[in-house]
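We count residues from 1, following the sequence as given. Both ligands and their constituent atoms are indexed starting at 1 by order of listing. Hydrogens, waters and symmetry mates are skipped; everything else that's a heavy atom, side chains included, is used.
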Amino acid sequence: MKPVKVGICGLGTVGSGTFNVLKRNAEEIARRAGRGIEVAQIAQRRPNPQCDTGSTPITAEVLAVADNPEIDVVVELIGGYTLARELVLRAIANGKHVVTANKALIAVHGNEIFAKAREQGVIVAFEASVAGGIPVIKALREGLAANRINWVAGIINGTGNFILSEMREKGRTFPDVLAEAQALGYAEADPTFDVEGIDAAHKLTILASIAFGIPLQFDKAYTEGITRLTTADVGYAEALGYRIKHLGVARSTDQGIELRVHPTLIPADRLIANVNGVMNAVMVNGDAVGSTLFYGAGAGQEPTASAVVADLVDVVRAMTSDPENRVPHLAFQPDALSDHPVLPIEACESAYYLRIQAKDHPGVLAQVASILSARGINIESIMQKEAEEHDGLVPMILLTHRVTERHMVEAITALEALDDVVGDVVRLRVEHLN
Ligand code: HSE
């Protein structure tokens with residue numbers, strides 16, 4: 001049978017990794033797919049001297065690949081929202097299948113893209129968009145299809161996890177580690193996407209849609225970054241038996257879906273609390289299976305290429321099948337998506353870590369306890385440190401039971417208004433993941 005012809009758009013870190021893996025493992029891949037997969041055209045706007053593309057035709061015009069009648073599958077690896085969206089929609093309109101690693105594109109424009117793909121009877125595959133080389137989309141969409149999913153929680157940004165790990169283990173500074181992540185090709189073009197939780201929110205939006213059968217709703221995701229984390233809080237968390245991770249949490253409740261990314265204390269003995277460096281991990285809790293954990297490299301050249309090429313194999317296997325009987329893009333049949341709302345952060349519920357800087361006066365603790373109890377907030381533990389030499393203030397660290405964000409915000413406002421409390425109360429969420 002003739003090989004399937006693929007056009008790779010973008011020959012950066014992931015594009016060159018995809019080209020190399022397709023070439024190196026060509027025979028093995030053909031045995032799996034049932035046909036060869038041949039790169040028939042590459043679009044690259046800047047030369048990549050690190051990738052030997054041999055005699056493969058190259059164009060600087062990305063859209064030319066979508067218009068090339070030779071090409072069966074367009075692989076979109078240029079990133080961003082604008083040109084990538086145009087490329088993908090053009091490829092679909094021309095009846096081509098699409099493989100993309102672009103989480104921003106899927107999270108923001110996925111509903112539109114999937115609708116167009118259904119009209120044209122083509123596949124849009126996006127395994128590489130979440131957690132790099134971990135086949136978590138496949139696992140959630142197919143392997144766990146028997147379950148009602150209760151929650152998904154993941155470390156889904158390699159750059160952020162690399163930064164937090166290096167800071168904790170080696171005491172390195174934030175900019176120093178970020179520069180290394182950029183040099184290694186882990187970080188987004190705009191690294192604020194990594195450290196402010198936007199990249200993780202793109203990925204969480206995709207996971208939540210597949211887990212709960214809801215349309216993609218990136219605009220409703222809550223994001224909080226890691227840039228304001230202090231070594232003091234990292235240390236106190238350790239002393240209490242927790243690690244701080246930048247976690248994406250999607251939880252189904254009777255009221256709606258929680259969709260949030262924020263620094264989170266996790267008990268140090270959980271496997272996921274020990275996921276370090278650029279590694280990612282996603283926990284999925286289903287009613288039948290219980291808790292599962294998927295672990296692997298969340299970014300990088302060949303780990304991400306591994307997911308892109310697996311999608312290509314899937315597309316080749318399915319391209320002759322009846323479009324109505326393929327695995328739906330968002331796991332659930334398009335006419336069976338639910339309108340269960342995504343909850344605002346004020347309605348989300350978690351346990352909390354609070355750090356209060358208090359004057360060393362009698363009765364402060366009683367006032368703090370009274371503010372919390374008046375709002376039904378149950379204290380789990382309190383740690384009070386000695387007064388700091390430089391300012392005489394006493395750091396008071398509390399862990400609470402689960403409470404809605406709205407009540408916690410009210411309590412923090414009241415705490416900050418106390419005469420004996422100085423500065424802002426540090427508030428971090430705690431998830432026990434059990
Ligand atoms: N910037 C992303 C990360 C790349 O660090 O995880 C993979 O999506």
Side-chain angles (χ1 to χ4, degrees), residues 10 12-18 21 75-81 84 99-108 110 125-138 140 152-167 172 174-208 210 216 218 221 223 225-227 229 245-249 261-264 272 275-282 294-311:
T13 305
V14 181
S16 54
T18 300
V21 171
V75 180
E76 184 280 302
L77 300 173
I78 56 178
Y81 305 94
V99 172
T100 177
N102 191 333
K103 53 262 158 152
L105 179 73
I106 296 297
V108 176
F126 51 98
E127 180 64 67
S129 66
V130 178
I134 310 173
V136 65
I137 289 182
K138 185 130 189 133
L140 197 49
V152 177
I155 296 170
I156 43 181
N157 181 268
T159 303
N161 202 42
F162 182 61
I163 292 172
L164 287 182
S165 306
E166 291 287 302
M167 286 173 71
R172 292 176 63 190
F174 192 94
D176 175 33
V177 193
L178 178 58
E180 188 181 342
Q182 286 175 301
L184 292 168
Y186 302 151
E188 295 302 300
D190 176 355
T192 58
F193 272 43
D194 295 299
V195 296
E196 294 298 352
I198 299 160
D199 175 76
H202 285 143
K203 295 165 180 168
L204 186 70
T205 299
I206 297 170
L207 289 175
I210 293 171
L216 295 149
F218 170 70
T223 56
I226 54 172
T227 50
L229 270 185
K245 291 290 180 189
H246 204 190
L247 207 67
V249 180
V261 177
H262 45 69
T264 311
I272 196 168
V275 171
N276 292 315
V278 73
M279 304 309 275
N280 279 194
V282 182
F294 303 89
Y295 170 84
Q301 189 165 50
E302 292 216 351
T304 312
S306 165
V308 171
V309 174
D311 269 351

J.: Just how far is it from atom CZ of Phe294 to atom CG of Asn280, taken to the nearest 0.5 Å?
T.: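 The CG atom of Asn280 is 13.5 Å from CZ of Phe294, to the nearest 0.5 Å.
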J.: Using distance alone, decide if ligand 1 has a nitrogen or oxygen within less than 3.5 Å of any nitrogen or oxygen in Ile156.
T.: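 Between Ile156 and ligand 1 (N or O atoms, distance only) the closest approach is not under 3.5 Å.
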J.: Which ligand 1 atoms does Asp194 reach within 4.0 Å, using its non-hydrogen atoms?
T.: 1 (N), 2 (C), 3 (C), 5 (O)
J.: Just to check, does Gly298 reach to within less than 4.0 Å of ligand 1 when the distance is taken from its heavy atoms?
T.: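 Contact present.
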J.: So how far is it from Glu76 CD to Ser129 OG, rounded to the nearest 0.5 Å?
T.: 10.5 Å
J.: Among all protein heavy atoms, pick the one closest to atom 5 (O) of ligand 1 and tell me residue, atom and distance.
T.: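 Sorting protein heavy atoms by distance from atom 5 (O) of ligand 1 puts Thr159 OG1, 2.6 Å first.
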J.: Could you tell me the residue and atom name of the protein heavy atom closest to atom 8 (O) of ligand 1, and the distance to it rounded to 0.1 Å?
T.: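 The closest one turns out to be Lys103 NZ, 2.6 Å.
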J.: Look at the aromatic rings of His202 and Tyr81 and report parallel, tilted or perpendicular, splitting at 30° and 60°.
T.: perpendicular
J.: Determine the sole option in Leu164, Val195, Ile163 for which the side chain to side chain contact (heavy atoms under 4.5 Å, CB included) test with Leu229 is passed.
T.: Leu164
J.: Please list, in number order, the atoms of ligand 1 under 4.0 Å from a heavy atom of Glu188.
T.: 1 (N), 2 (C), 4 (C)
J.: Could you check Thr192 against Asp190 for side chain to side chain donor-acceptor pair (under 3.5 Å), going step by step and ending with a plain yes or no?
T.: CA-CA 5 Å; Thr192 58; Asp190 176 355; 2.7 Å; yes
J.: Is it the side chain (CB and beyond), the backbone, both or neither of Asp199 that lies under 4.0 Å from ligand 1, heavy atoms counted?
T.: side chain
J.: Under 4.5 Å between any side-chain heavy atoms of Leu207 and Leu140, yes or no?
T.: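 Leu207 vs Leu140: side chains touch.
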J.: Can you list the ligand 1 atoms lying under 4.0 Å from a non-hydrogen atom of Lys203?
T.: 2 (C), 3 (C), 6 (O), 7 (C), 8 (O)
J.: Within ligand 1, which atoms have a heavy atom of Gly158 less than 4.0 Å away?
T.: 3 (C), 5 (O), 6 (O)
J.: Do any N/O atoms on Tyr186 end up under 3.5 angstrom from N/O atoms on ligand 1?
T.: yes
J.: Atom CG of Asp194 and atom CG of Asn157: how far apart are they, to the nearest 0.5 Å?
T.: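 Rounded to the nearest 0.5 Å, the CG-CG separation comes out at 4.0 Å.
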